[in-house]
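Worth knowing before you read on, the calculation uses all heavy atoms, side chains too, and leaves out hydrogens, waters and symmetry mates. All chains are named by letter (A, B, ...) in the order of the sequence lines, taking the proteins before the strands, and each is independently numbered beginning at 1.
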Amino acid sequence: MTEDDFEWSDDDKVKILGATLNIPPGAQAGDLSTNFLTPIAREYDNGRVTEEIILNDLKKKLMKEAKWEYLKKIWLFKGKQGYIHLNFTQEFWWEVIKEVGKRGKDYGKDKLFSGKVQMEFVSANPTGPLNVVNARAAAVGDALYRAFSALGYEVTKEYYVNDEGRQVELLGQSVWAAKKTLSGEETPPPQDGYRGDYIFELARELEGEKPEELGREAMERIVAGQRTSLERYGVTYDNWFYQSSLEGTGYIKKVMEVLEKEGYIGKKGGAVWFTSPHLAEEDDRVLYRSDGSETYYLADLAYHVYKHEQRFKTVIDILGPDHHAHSARMQAGMQALGYGPEWLEILIAQQVNIVRAGERVKMGKRVGEFITLDELVEEVGVDVAKYFFLERGLSSHLNFDFELAKKTSMENPVYYIQYAHARVCSIIREAKAQKLAPDYGAKIGYTFNDDEVALTKRLLIYPKELLLVVLGRQPQVLCAYLHSLAGMFHKYYTDYRVLQADTVEAVQGRLNLVDAIRQVIYNGLEILGISAPESM
RNA sequence: GCGCCCGUAGCUCAGUUGGAUAGAGCAUCGGACUUCUAAUCCGACGGUCAGUGGUUCAAAUCCACUCGGGCGUACCA
């Protein structure tokens with residue numbers, strides 16, 4: 001086998017250069033390592049290609065990459081498994097720091113992907129203020145939006161407003177009843193109506209007289225309020241799409257035509273159903289009610305047909321925990337309409353339990369008791385709220401302990417990360433007073449010690465972490481990364497003096513290093529939508 | 001009943017397209033400020049990865065079953 005027999009695909013390159021490049025544990029390890037060998041070895045394991053041959057080939061390839069000219073040694077770690085270890089020359093670490101410094105806010109950004117992607121998230125019903133699950137979806141959706149953008153996707157953020165249907169009627173009736181009550185004529189809210197102080201506030205402010213008018217007015221007021229809450233939370237949208245705007249567009253008609261043609265339409269009890277021979281009967285779903293009105297399901301299918309015509313490569317919807325069934329139905333419907341399963345991706349933001357004084361707060365708009373996004377921000381602040389949501393996987397249930405979030409706020413992970421940033425800024429400020437500054441063009445005649453190399457490695461893998469966030473739709477990877485980087489920096493800060501290093505060159509080298517750390521923390525926090533204060 | 005999510009340290013959770021010695025924070029206990037910010041650092045304590053079986057050179061990760069928790073299962077949205 002010669003070198004030319006072995007072709008590396010782009011995917012393989014991504015793996016080599018990023019996805020599976022790790023910082024190995026243990027003292028005898030190389031600078032970086034990859035388990036890339038194992039899957040490839042198995043793939044080519046026909047008895048003739050040995051690990052050594054692949055290793056040699058990999059070495060040649062890596063040496064050719066300009067960035068890897070500093071590769072000093074590539075070897076097979078003799079452990080339980082065959083990991084490839086890489087060692088680098090000292091110059092390599094300076095190059096990494098230089099790369100971070102020169103690219104600045106763009107470090108980590110890369111045109112790895114292309115195409116239009118839409119992210120729809122929060123899309124709460126216009127019947128009340130935003131709650132904590134909405135806050136969770138907003139934090140994650142917005143962070144994913146930035147991560148996707150950073151890696152080359154052209155991303156659009158959209159908010160879907162369900163401004164039609166029974167809920168708006170109910171809302172109108174609820175406000176109407178509250179208005180009556182306020183005028184001295186005690187009137188209970190309708191069955192399944194909305195309760196809570198905000199209904200009475202609306203009743204005081206709105207002028208409509210009939211329930212229908214009040215419903216429309218209340219909805220507009222509430223949507224405006226949701227938008228303001230989100231802005232205060234640092235989340236804005238490219239587009240607010242109203243369900244009512246689908247009227248007269250023909251998308252609903254189109255959905256019905258295609259479904260009819262493909263044999264997915266059935267009639268039962270005067271209603272029109274989505275049905276399929278592949279589905280169990282209980283999975284059938286109403287499209288038109290027996291009174292002839294359209295369901296939310298039909299409207300949502302039409303809405304997604306509309307999305308598809310906007311030529312999005314991928315559409316990602318982040319929905320609340322009450323949408324499990326709806327999610328499955330949407331996927332079934334979209335496939336019936338002829339769209340591939342990978343086109344629409346539905347992520348479920350699992351429920352958030354609010355814990356106060358050790359007890360779970362039961363919530364629900366119709367119960368009238370819930371913690372709003374505004375209250376959350378008011379009590380713990382934007383940065384803490386976002387971080388609490390971002391550091392956990394979207395699919396796990398989350399306990400949000402208010403007392404804990406406030407009580408331990410001084411030892412909060414988000415402050416820990418921000419403090420690392422502020423500390424570097426403090427060093428830079430002090431350096432400036434001494435007429436010193438980071439200089440990435442400078443020739444560095446200083447040899448990084450082990451701790452400095454370890455920090456540099458951590459900076460080197462930042463782009464890989466960003467890639468993992470995008471591939472797995474999981475911002476928590478970035479939270480863990482930043483927390484670990486901040487931790488390493490805090491220790492470094494305690495152990496070494498930057499400005500009181502032994503030589504001028506050491507001061508310059510360290511100054512460049514800490515400034516690069518500052519940059520990466522800044523970039524990471526920016527992706528997460530969390531502020532990076534210069535002093536605390 | 002069926003579907004989805006989950007079960008990892010005392011608590012809250014990372015780690016799951018199979019890969020190196022399972023990690024953090026909080027809590028508890030003991031140390032470190034004459035120093036570029038102690039919102040920090042160091043150390044100690046803490047694990048049958050819910051259980052059983054299976055697949056594999058290799059399982060917290062995949063499969064099956066069991067147990068436990070949450071959510072969903074509308075001609076609401």
Side-chain angles (χ1 to χ4, degrees), chain A residues 20 22 24-26 29 33 35 37-39 42 77 79-83 85 123-127 162 164-170 192 243 268-273 280 282-283 285-293 295-297 299-300 320-329 348 350-351 353 355 366 388 391-401 404 407-420 422-431 433-434 471-472 474 476-477 479-480 483-484 486-487 489-500 510-511 514 535-536:
Chain A
T20 61
N22 299 310
S33 67
N35 61 349
L37 179 63
T38 320
R42 201 191 297 118
F77 191 76
K80 235 160 69 182
Q81 277 90 29
Y83 271 75
H85 282 231
S123 296
N125 285 334
T127 53
N162 292 123
E164 295 200 319
R166 208 166 77 89
Q167 55 179 348
V168 181
E169 287 169 34
L170 266 178
D192 294 329
Q243 183 183 337
K268 225 170 13 182
V272 181
W273 297 70
E282 62 263 27
D283 289 331
R285 185 91 176 176
V286 173
L287 295 165
Y288 281 104
R289 302 188 190 91
S290 46
D291 66 4
S293 60
T295 59
Y296 166 66
Y297 178 51
D300 213 13
D322 50 341
H323 280 68
H324 279 143
H326 183 67
S327 158
R329 244 21 68 69
I348 299 287
Q350 279 296 351
Q351 82 182 84
N353 296 322
V355 180
R366 294 183 190 178
F388 266 58
E391 72 173 339
R392 307 291 182 221
L394 194 62
S395 63
S396 24
H397 298 241
L398 184 70
N399 284 329
F400 198 116
D401 190 325
L404 197 69
K407 193 176 71 185
T408 65
S409 66
M410 287 302 153
E411 293 133 22
N412 206 293
V414 64
Y415 291 123
Y416 185 81
I417 296 168
Q418 289 178 323
Y419 185 49
R423 271 183 148 178
V424 179
C425 289
S426 168
I427 295 174
I428 306 288
R429 275 195 300 272
E430 181 60 30
Q434 299 177 25
L471 291 179
Q474 45 187 8
Q476 73 267 25
V477 168
C479 292
H483 193 265
S484 139
F489 169 75
H490 284 309
K491 176 155 175 54
Y492 181 71
Y493 183 92
T494 309
D495 292 347
Y496 301 92
R497 307 268 97 196
V498 171
L499 300 176
Q500 284 90 53
R510 287 179 177 180
L511 202 49
V514 296
S535 63
M536 290 174 76

Could you tell me whether the phosphate oxygens of B:A74, OP1 or OP2, come under 4.0 Å of any side-chain nitrogen or oxygen in A:Arg285?
-> no
What's the closest nucleotide to the A:Pro24 side chain, out of B:A77, B:C71, B:A20?
-> B:A20
Sub-4.5 Å side-chain heavy-atom contact between A:Asp300 and A:Gln243 | no
Candidates B:C5, B:C75, B:G72 - which lies nearest the side chain of A:Gln350 = B:C5
Among the candidates B:A77, B:C71, B:C36, find the nucleotide nearest to the side-chain atoms of A:Ile427.
-> B:C36
For B:G15, does OP1 or OP2 lie under 4.0 Å from any side-chain N or O of A:Gln476?
-> yes
To the side chain of A:Arg423, which of B:U73, B:A38, B:G70 is closest?
-> B:A38
Side-chain atoms of A:Trp273 come closest, of B:U40, B:C75, B:G69, to B:C75
Got a donor-acceptor pair under 3.5 Å from the side chain of A:Thr127 to the base of B:A77?
-> no
NA contact type, A:Ala422, heavy-atom cut-off 4.0 Å: base, sugar-phosphate, or nothing?
-> base
Is any side-chain N or O of A:Thr494 closer than 4.0 Å to OP1 or OP2 of B:A38?
-> no
Integer-rounded Å distance: B:C6 C1' and A:Asn399 CG = 12 Å
Using the P atom as the reference point in each nucleotide, state the distance between B:G15 and B:U56 in Å, no decimals.
-> 28 Å
A:Ile428 vs A:Asn162, nearer the 5' end of RNA chain B by closest nucleotide | A:Ile428
Is a side-chain donor or acceptor of A:Thr295 paired with a backbone partner of A:Val286 at a separation under 3.5 angstrom?
-> yes
B:G46 to B:A22 separation - C1' atoms, rounded to the nearest Å | 14 Å
Going by atom types alone, do A:Glu164 and A:Asn162 pair a side-chain donor with an acceptor below 3.5 Å?
-> no
Within this structure, what is the OH-to-P distance between A:Tyr493 and B:C36, rounded to whole angstrom?
-> 7 Å
Say you pick atom P in B:C4 and the same atom in B:U66; how far apart are they, in whole Å?
-> 15 Å
Tell me whether B:C33 sits syn or anti, counting syn as a glycosidic angle within 90° of 0.
-> syn
Which word best sums up how the rings of A:Phe388 and A:Phe400 line up, parallel for under 30°, tilted for 30 to 60°, or perpendicular for over 60°?
-> tilted
Looking only at non-hydrogen atoms, find the nearest pair between A:Pro413 and A:Glu391 and report the distance.
-> CG-OE1, 4.2 Å
Nearest-Å distance, CG (A:Asp495) to P (B:C36)?
-> 16 Å
RNA chain B: 5'-proximal contact among A:Glu164 and A:Met536 (nearest heavy atom) | A:Met536
Could you measure between the two C1' atoms, the one in B:A9 and the one in B:U28, and give it in whole Å?
-> 13 Å
Sugar-phosphate only, base, or nothing, as touched by A:His483 at under 4.0 Å among non-hydrogen atoms | sugar-phosphate
Is the shortest heavy-atom distance from the side chain of A:Ile427 to the side chain of A:Leu511 under 4.5 Å?
-> yes
Report which part of the nucleic acid A:Ser293 touches: base, sugar-phosphate, or nothing (heavy-atom distance under 4.0 Å, all strands).
-> nothing
Just call it for A:Gly393: base, sugar-phosphate, or nothing, with non-hydrogen atoms closer than 4.0 Å on any strand.
-> sugar-phosphate
Base, sugar-phosphate, or nothing for A:Tyr496, non-hydrogen atoms under 4.0 angstrom?
-> base
Would you say A:Arg329 and A:His323 make side-chain contact, with heavy atoms under 4.5 Å?
-> no
Consider the side chain of A:Ser395, meaning its heavy atoms from C-beta on, and name the nucleotide among B:C76, B:U40, B:C5 that approaches it most closely.
-> B:C5
Side chain of A:Gln243 - closest among B:A38, B:C36, B:A77 = B:A77
Give a yes/no answer on whether the side chain of A:Arg166 brings an N or O atom under 4.0 Å of OP1 or OP2 in B:A74.
-> no
Which whole-number value in Å describes the distance from A:Gln474 CD to B:U17 P?
-> 9 Å
What is the nucleic acid contact for A:Ala325, judged by heavy atoms within less than 4.0 Å: base, sugar-phosphate only, or nothing?
-> sugar-phosphate
All stems with RNA chain B, defined as three or more consecutive Watson-Crick or G-U pairs under 3.5 Å = B:1-7 with B:67-73, B:10-13 with B:23-26, B:28-32 with B:40-44, B:50-54 with B:62-66
Does A:His85 get its side chain close enough to the base of B:A20, under 3.5 Å, for a donor-acceptor pair?
-> yes
Using the P atom in both, what is the distance from B:U35 to B:A27, to the nearest Å?
-> 26 Å
Whole-Å gap separating P (B:A14) and OH (A:Tyr416) | 20 Å
Base B:C6 to side chain A:Ser396, donor-acceptor N/O within 3.5 Å cut-off | no
Using only heavy-atom distances, determine whether the side chains of A:Thr127 and A:Asn125 contain a donor-acceptor pair under 3.5 Å.
-> no
What's the CG-P distance between A:Leu398 and B:C6, to the nearest Å?
-> 14 Å
Remember a base hit wins even if backbone is also touched, and classify A:His397 as base, sugar-phosphate or nothing at under 4.0 Å, heavy atoms.
-> base
What interatomic distance, in whole Å, is found between C1' of B:A60 and the corresponding atom of B:A14?
-> 12 Å
Taking the same atom, P, in B:G18 and in B:G43, what whole-Å distance lies between them?
-> 34 Å
From B:A14, B:C42, B:G69, pick the nucleotide closest to the side chain of A:Arg392?
-> B:A14
Please check the phosphate of B:A74 (OP1 and OP2 only) for any side-chain N or O of A:Arg329 closer than 4.0 Å.
-> no
To the nearest angstrom, the CG-P distance between A:Leu394 and B:G70 comes to 21 Å
With rounding to whole Å, what would you report as the distance between B:U48 and B:C5 at their C1' atoms?
-> 25 Å
Atom CD1 of A:Ile417 to atom P of B:G25: distance rounded to whole Å?
-> 12 Å
For the pair A:Tyr492 and A:Phe489, name the ring-plane relationship: parallel under 30°, tilted 30 to 60°, perpendicular over 60°.
-> tilted
Please determine, by modelled atom types, if A:Arg289 and A:Ser293 share a side-chain donor-acceptor pair under 3.5 angstrom.
-> yes
Would you confirm whether A:His490, through its side chain, and A:Tyr416, through its main-chain N or O, come within 3.5 Å as a donor-acceptor pair?
-> yes
